[in-house]
Number of protein chains: 2
Amino acid sequence: MTPDTTTRTTFRSVQADIVRRITNGPWGPGTLLPTEADLAREFHCSRATINRALREIADLGLIDRRRKSGTRVRLAPVRQARFDIPLVRAEVEATGSAYRYALVSQNVLPAPDALRAQLNLAPDAPVLHLVCVHYADGAPWQLEDRWINPAALPQATAQDFSNRGPNEWLVATVPFSEVEISFQAIAATDLQVAHLNHRPGDPVFCVKRTTWWQDAAITHAVLSYRPGHRMTARY
Amino acid sequence: MTPDTTTRTTFRSVQADIVRRITNGPWGPGTLLPTEADLAREFHCSRATINRALREIADLGLIDRRRKSGTRVRLAPVRQARFDIPLVRAEVEATGSAYRYALVSQNVLPAPDALRAQLNLAPDAPVLHLVCVHYADGAPWQLEDRWINPAALPQATAQDFSNRGPNEWLVATVPFSEVEISFQAIAATDLQVAHLNHRPGDPVFCVKRTTWWQDAAITHAVLSYRPGHRMTARY
DNA sequence: ATAGTCTTTATGTCTATACATAAGGAACAG
DNA sequence: CTGTTCCTTATGTATAGACATAAAGACTAT
């Protein structure tokens with residue numbers, strides 16, 4: 001248990017040791033940890049090193065830190081899963097498949113009520129609606145049902161999306177300040193049946209994403225995947 | 001553009017400024033950023049402050065940092081979504097609902113082939129199989145279909161799960177070194193129809209989680225949710 | 001009791017400095 | 001031309017010391 005003094009103390013070794021004590025050692029859920037100063041003395045290192053170790057452990061969700069109260073092991077460790085959200089092109093090419101893109105439709109129309117609420121648009125505000133399909137080795141991979149707010153992004157209306165997906169154009173063009181992303185299972189609609197090899201009512205894995213820039217909603221997209229798609233993370 | 005010198009320079013302000021320059025300013029994709037030393041001079045702060053700001057921006061996935069080569073804005077920002085994975089109890093109580101737990105069945109049986117592959121078990125290895133339901137205000141919220149490897153966790157067989165969910169027992173009892181978690185949409189099976197208010201074939205949002213401790217598979221769980229469930233994150 | 005104020009304390013952050021380490025690039029040898 | 005060695009450089013990390021800040025707890029006046 002005595003820290004090694006022959007090798008240089010690194011924040012990673014401190015971190016690993018503390019995590020060990022929390023997960024299978026003496027510091028069970030609810031335990032109040034020693035202060036940074038005490039730990040620094042114990043590990044023969046500076047407080048900054050302890051601070052960094054503890055800060056990262058807190059990031060993982062294992063401990064809670066509060067000024068004056070100190071550092072406490074969480075009762076229920078709120079572990080977080082991190083999912084990479086790549087561009088579809090990268091996602092497809094990562095599987096070793098050839099990527100192809102196709103634009104299905106593009107038009108400007110008054111915003112449907114549900115979308116108006118989601119993007120906080122004025123009544124009768126026009127929106128740009130795009131439907132496109134992303135293919136992996138010729139088979140449909142993802143259907144992109146996208147709405148862009150032309151009030152926030154006037155250039156979008158004049159843009160040509162026949163060769164390049166709107167998402168690729170957006171990430172390269174528009175900064176964003178906030179994104180909300182949600183995963184859910186829905187029953188296949190006509191659009192998904194027509195483009196994704198689904199049968200009507202099939203379970204479809206779907207990602208809905210809304211993006212804002214400085215309090216203005218930029219775009220909302222419904223990305224639905226081919227049958228059997230999973231989104232995986234390890235930690 | 002000149003940094004503010006009247007107020008104290010904080011790594012957060014540096015960070016915000018640099019992110020601004022990347023997202024809507026002069027530092028487009030592929031740009032090589034000035035070195036930490038140069039930025040420290042520009043922002044009138046120490047290199048440690050710049051380092052922390054850049055390190056966190058790299059964590060977000062906006063930039064790539066390499067020794068000697070320097071810091072470069074990523075071509076395709078690999079944004080990551082972080083999802084909290086709370087205990088069901090916490091998840092339900094966070095919605096303001098009353099949590100209730102029920103054990104549906106508990107028995108030891110030979111592992112089905114698919115599970116044997118997933119957990120890397122010996123042929124005919126026995127596993128503990130549990131089915132339980134988590135309720136929010138009396139309505140079913142989540143169905144937990146869990147398999148525990150008694151070879152890795154002998155105490156599990158003797159444990160009483162009638163009042164406390166296996167997940168709560170597991171997180172409080174077993175450390176883990178690795179978790180794989182995946183989200184997908186499946187068609188409702190008999191089990192989900194019986195316990196979750198689904199109709200047969202309905203789309204069900206489902207989370208599959210496998211947990212290892214020191215190369216031994218501990219447990220595998222299929223968590224399926226009530227109709228309409230979404231998993232949401234912002235960043 | 002109760003509300004407001006002060007003290008104490010643990011974490012949060014910044015600084016200056018030092019050394020470690022990965023990796024690009026130049027110099028060199030074959 | 002090709003591979004090896006060495007130098008240089010940007011990031012990575014540790015340290016001591018200082019001050020900032022949130023918040024618990026004590027103390028005080030009503």
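Letters A, B, ... mirror the listed sequences (proteins, then strands); counts begin at 1.
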Under 4.0 Å between a side-chain N or O of [X] and OP1 or OP2 of [N]?
X: A/T71; N: C/dT11; result: yes
X: A/R52; N: D/dA14; result: no
X: A/T49; N: D/dT13; result: no
X: B/R65; N: D/dA10; result: no
X: B/N51; N: D/dT13; result: no
X: A/T10; N: D/dA14; result: yes

Taking the side chain of [X] as heavy atoms from C-beta outward, which of [options] is closest to it?
X: B/K68; options: C/dG12, C/dC14, D/dT9; result: D/dT9
X: A/R55; options: D/dG12, C/dA10, C/dT13; result: C/dT13
X: A/F11; options: D/dA14, D/dT15, C/dG24; result: D/dA14

[X] [atom1] - [N] [atom2] separation (whole Å):
X: B/L54; N: D/dT13; atom1: CG; atom2: C1'; answer: 15 Å
X: B/L39; N: C/dT15; atom1: CG; atom2: P; answer: 14 Å
X: B/F43; N: C/dT15; atom1: CZ; atom2: C1'; answer: 17 Å
X: A/D59; N: C/dG12; atom1: CG; atom2: P; answer: 11 Å
X: A/D38; N: C/dT9; atom1: CG; atom2: P; answer: 13 Å
X: B/R72; N: D/dA10; atom1: CZ; atom2: C1'; answer: 13 Å
X: B/R66; N: C/dG25; atom1: CZ; atom2: C1'; answer: 14 Å
X: B/I63; N: D/dG12; atom1: CD1; atom2: P; answer: 9 Å

Over 60° means perpendicular and under 30° means parallel, so tell me whether A/H229 and A/F205 are parallel, tilted or perpendicular. tilted
Distance-only donor-acceptor test (3.5 Å): side chain B/R47, base D/dT13: yes
Side chain of B/R67, base of C/dT21: donor and acceptor closer than 3.5 Å? yes
Can you tell me how far the CD atom of A/Q142 sits from the CZ atom of A/R226, to the nearest 0.5 Å? 10.5 Å
So do the side chains of B/I18 and B/L62 get within less than 4.5 Å of each other, counting heavy atoms only? no
A/R230 side chain near A/Y225 side chain, heavy-atom distance below 4.5 Å: no
Cation-pi geometry met for A/R89 and A/Y99 (6.0 Å, 45°): no
Pick the closest DNA chain D nucleotide for A/S46 and for B/T35 by heavy atoms, then say which residue is nearer the 5' end. B/T35
Pick the closest DNA chain C nucleotide for B/A48 and for A/E36 by heavy atoms, then say which residue is nearer the 5' end. A/E36
Which residue, B/H134, B/K208, B/E144, forms the side chain to side chain contact (heavy atoms under 4.5 Å, CB included) with B/L223? B/E144
